[in-house]
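Following: one structure in structure tokens, then a few remarks.
Start at 1 and go down the list; that is how both ligands and their atoms are numbered.
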Amino acid sequence: MQIGLVGLQFSGKSTLFNIISGNVNEESSGVNEDARIEVVKVPDKRLDLLTEMFNPKKKVNATIEAYDFPGLRMADDGKVRLTTQFLENVKNNDALFYVIRQFEEPSVPHPMNDVNPVRDFEFLETEFLLTDHAFLENRIEKLKKEVMKSKDENLKKELPVIEKCLAWVENEKPLRNLNLEENEKKLLSGYQLLTLKPLSVAINLDENSISDSEKFVNELRSVIKDQEIKIIPFSAKIEIELASLSDEDRIEFMGDYGIEESALSKILNSSYKILGLHSFFTVGEDECRAWTIKKRFTAQEAAGVIHTDFYNKFIRAEVVHYQDFIDHGSFAKCKDAGVWSLEGKEYVVQDGDIINVRHS
Ligand SMILES: Nc1nc2c(ncn2[C@@H]2O[C@H](COP(=O)(O)OP(=O)(O)O)[C@@H](O)[C@H]2O)c(=O)[nH]1
Ligand SMILES: [Mg+2]
């Protein structure tokens, strides 16, 4: 699973990327030409607590890939050109984060001169809408020709779906707001339409604006019609400082600024949500580990994430929910309390299940 940080030049993408990949000592100059990918640990307090209880040799967090794009620059005529290369890269991401600038910094001029998050958001949406529009128009032309020549039923089914999408995009509405049936989504999945990708917005605030973050979030919220899009306010400056502190100092510092959760944790958890993912745990003296699965994965599918052999040779799964385990303190006590269960392969794994796979 890969999340892409997209935005104008100097919005703080690379800085944010350094923060989430734990390389905060690396200062970003804002002129990276190359894209970067990094495997990032997803913070999880539940895993931390389980690790404290089991004291294993190893703790393994769930991971996600983050992708840092080179900035979008303005051409001389004031327009930003999306290169084919750039678009190909955006397409490869499973979810997108728009990084929007709300900080003033005379030494790094905003590519459109002034700081205006609403305009920047609308700019990105429009660019991606235009890209989808061009793709859909092209696809319709091709389909119409192919449908006449071929007897392929799938092509006939595709045409009205693409037409529906095109009409939607022509009204300047992103495809993620269009109600699509599961089979329609499936049909479109290979095309990697940009406005169909799950989206969150990270807004990079001045360190002294962080206490007013609600105001900035609301301003942006008023132009984003889709209420489900998560807007995450953060301050890159503050996050860099946070990362350099000891755990104790960090808690105090966060208290001073009224920050409840670090941006790192908010962003990764939000990515998890918009991608429809959640975690289950395996625990023991050797290793405590969080595994990433899609919501609605069955016990057998989850076992397959650990090892393909576990999928093929699956017998049953021993399951205790995280909260029950914490409440009772051991598997034996969970059994006594009736919250330990043995589940078959069709069992749908819940977020936070602790699982032990029995296999042949
Ligand atoms: N004052 C201030 N400067 C920032 C902030 N975030 C990023 N910068 C600076 O802005 C410049 C561009 O940041 P960068 O992360 O490279 O932007 P990118 O082009 O979106 O990747 C760098 O010099 C950063 O140090 C911030 O929150 N406050
Ligand atoms: Mg950059």
Side-chain angles (χ1 to χ4, degrees), residues 2-38 40 65-75 80-83 85-87 89-90 92-93 96-117 119-125 127-128 199-217 219-220 231-245 253-254 256-259 261-267:
Q2 189 177 301
I3 52 166
L5 307 178
V6 199
L8 291 171
Q9 196 183 17
F10 298 156
S11 63
K13 296 178 298 299
S14 297
T15 308
L16 181 58
F17 180 85
N18 291 345
I19 294 165
I20 60 181
S21 54
N23 301 316
V24 280
N25 296 326
E26 209 174 293
E27 197 182 332
S28 173
S29 62
V31 286
N32 60 311
E33 297 291 342
D34 301 320
R36 297 182 294 169
I37 299 184
E38 189 98 38
V40 174
E65 280 178 5
Y67 189 98
D68 179 26
F69 284 89
L72 285 177
R73 292 221 185 132
M74 312 301 275
V80 172
R81 299 274 147 70
L82 298 180
T83 60
Q85 173 79 41
F86 178 88
L87 291 168
N89 285 333
V90 183
N92 288 334
N93 288 277
L96 300 177
F97 256 98
Y98 288 175
V99 182
I100 308 268
R101 171 168 173 171
Q102 172 66 77
F103 67 87
E104 300 279 356
E105 177 61 70
S107 65
V108 272
H110 189 291
M112 295 186 192
N113 299 321
D114 57 328
V115 169
N116 183 340
R119 176 206 53 208
D120 292 356
F121 173 83
E122 287 178 335
F123 170 80
L124 290 169
E125 284 283 269
E127 287 297 311
F128 289 172
L199 173 72
S200 296
V201 177
I203 160 165
N204 189 3
L205 300 169
D206 271 319
E207 51 202 305
N208 26 18
S209 305
I210 200 84
S211 48
D212 287 332
S213 59
E214 214 164 302
K215 179 184 128 206
F216 294 110
V217 169
E219 265 171 29
L220 204 51
I231 304 175
I232 299 171
F234 78 107
S235 160
K237 271 266 152 81
I238 294 178
E239 293 292 327
I240 287 175
E241 283 187 51
L242 279 179
S244 65
L245 296 175
F253 189 95
M254 283 168 75
D256 289 347
Y257 276 98
I259 303 170
E261 193 186 358
S262 72
L264 164 72
S265 158
K266 278 194 283 194
I267 284 173

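The distance criterion of under 3.5 Å between nitrogen or oxygen atoms is met by K13 with respect to ligand 1. Close N/O approach between S11 and ligand 1 is found [any backbone or side-chain N/O within under 3.5 Å]. Looking at D68 next to ligand 1, no N or O pair under 3.5 Å apart turns up. Considering backbone and side-chain atoms together, L16 places no N or O closer than 3.5 Å to any N or O of ligand 1. At least one N/O-N/O distance between G12 and ligand 1 falls below 3.5 Å. Checking only distances, Q9 never comes within under 3.5 Å of ligand 1, N or O to N or O.
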Take Q102 and D212, measure what side-chain contact (heavy atoms from CB on, under 4.5 Å) needs, and give me the verdict at the end.
CA-CA 12 Å; Q102 172 66 77; D212 287 332; over 6 Å; no
Quick one: do L16 and F97 satisfy side-chain contact (heavy atoms from CB on, under 4.5 Å)? Show the steps, please.
CA-CA 11 Å; L16 181 58; F97 256 98; 5.8 Å; no
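N204 places a side-chain N or O within 3.5 Å of a backbone atom of A236 that can act as its donor or acceptor partner. No donor-acceptor distance shorter than 3.5 angstrom exists from the side chain of D68 to the backbone of L5, with no hydrogens or angles considered.
Put simply, Q9 stays out of reach of the Mg ion (ligand 2), with no N, O or S atom under 2.8 Å from it.
Contacts between F10 and ligand 1 below 4.0 angstrom, taking non-hydrogen atoms only, involve backbone and side chain alike. When non-hydrogen atoms are compared, ligand 1 lies under 4.0 Å from the backbone of T15 as well as from its side chain.
With sequence neighbours excluded, the residues that form a side chain to side chain donor-acceptor pair (under 3.5 Å) with N93 are Q2.
The CD1 atom of I232 sits 11.5 Å away from the CD1 atom of I203 when rounded to the nearest 0.5 Å. To the nearest 0.5 angstrom, S209 atom OG is 7.5 Å from K215 atom NZ.
For R119 and F123, the positive end is not near the middle of the six-membered ring at less than 6.0 Å and at most 45° from its axis.
Here is the list of ligand 1 atoms found below 4.0 Å of a heavy atom in N204: 5 (C), 6 (N), 27 (O). Close approach of ligand 1 to V108 (heavy-atom distance below 4.0 Å) involves ligand atoms 10 (O), 11 (C), 23 (O). Atom numbering of ligand 1 starts at 1 in the shown order; those under 4.0 Å from a heavy atom of L8 are 20 (O). Less than 4.0 angstrom separates some heavy atom of K237 from each of these atoms of ligand 1: 1 (N), 2 (C), 3 (N), 26 (C), 27 (O), 28 (N). Interface atoms of ligand 1 facing A236, defined by a heavy-atom separation under 4.0 Å, are 6 (N), 27 (O).
Among K13, R36, E38, the one residue that satisfies the side chain to side chain donor-acceptor pair (under 3.5 Å) test with N18 is R36.
Legend: side chain to side chain donor-acceptor pair (under 3.5 Å) pairs involving residues 232-243, not counting sequence neighbours: none detected.
Scanning F234, F17, F103 for the heavy atom closest to atom 9 (C) of ligand 1 points to F103.
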